[in-house]
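This report concerns only the one structure given below.
Just so it is clear, the structure is predicted and the values come from calculations on it, not from any experiment. The first residue in the sequence is number 1, and the count goes up from there.
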Amino acid sequence: MAEQNRIALDEELEKQLEAVREQQGLETIDQAAEWLARRRLRKGVGNLTGRGRALYEVKGAK
């Protein structure tokens, strides 16, 4: 059986996760936390790889 990991939530964090849950139409606060984590990872990888940026040829002496 999979082990459950829980994060201790303060009141403000719980309110924010609840707002995300409602906005995204998710069933649980856990899903909202996972959605936020995945979104941050996608954005971070995009910034790291430069995906979405224009590429220009660098012309130099050969």
Side-chain angles (χ1 to χ4, degrees):
M1 185 173 207
E3 194 175 315
Q4 292 285 333
N5 294 322
R6 289 282 180 189
I7 298 173
L9 302 177
D10 64 8
E11 192 174 316
E12 183 61 30
L13 180 56
E14 193 166 352
K15 286 180 185 177
Q16 294 295 323
L17 287 172
E18 183 62 28
V20 169
R21 186 194 68 75
E22 289 177 9
Q23 181 184 38
Q24 298 301 317
L26 302 169
E27 294 179 12
T28 66
I29 288 179
D30 289 341
Q31 289 175 336
E34 182 179 349
W35 184 88
L36 286 171
R38 288 176 185 257
R39 180 173 181 251
R40 182 64 188 119
L41 284 170
R42 283 191 303 271
K43 285 184 159 236
V45 168
N47 290 338
L48 181 66
T49 62
R51 184 175 178 191
R53 295 184 182 148
L55 298 177
Y56 300 97
E57 179 182 357
V58 177
K59 296 182 182 184
K62 289 186 179 183

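- Under the side chain to side chain donor-acceptor pair (under 3.5 Å) criterion, Glu14 pairs with no residue, sequence neighbours left out.
- Legend: residues meeting salt bridge (Lys or Arg N to Asp or Glu O under 4.0 Å) with Glu27, ordered by chain and number and at least two apart, are absent.
- Scanning for side chain to side chain donor-acceptor pair (under 3.5 Å) contacts around Glu12 gives Gln16, with sequence neighbours left out.
- Qualifying side chain to side chain donor-acceptor pair (under 3.5 Å) partners for Glu18, counting only residues two or more places apart in sequence or in other chains: Arg21.
- The shortest non-hydrogen separation linking Leu17 to Ala32 is O-CB, 3.5 Å.
- Residues satisfying the side chain to side chain contact (heavy atoms under 4.5 Å, CB included) test with Arg38, not counting sequence neighbours, are Glu34, Arg42.
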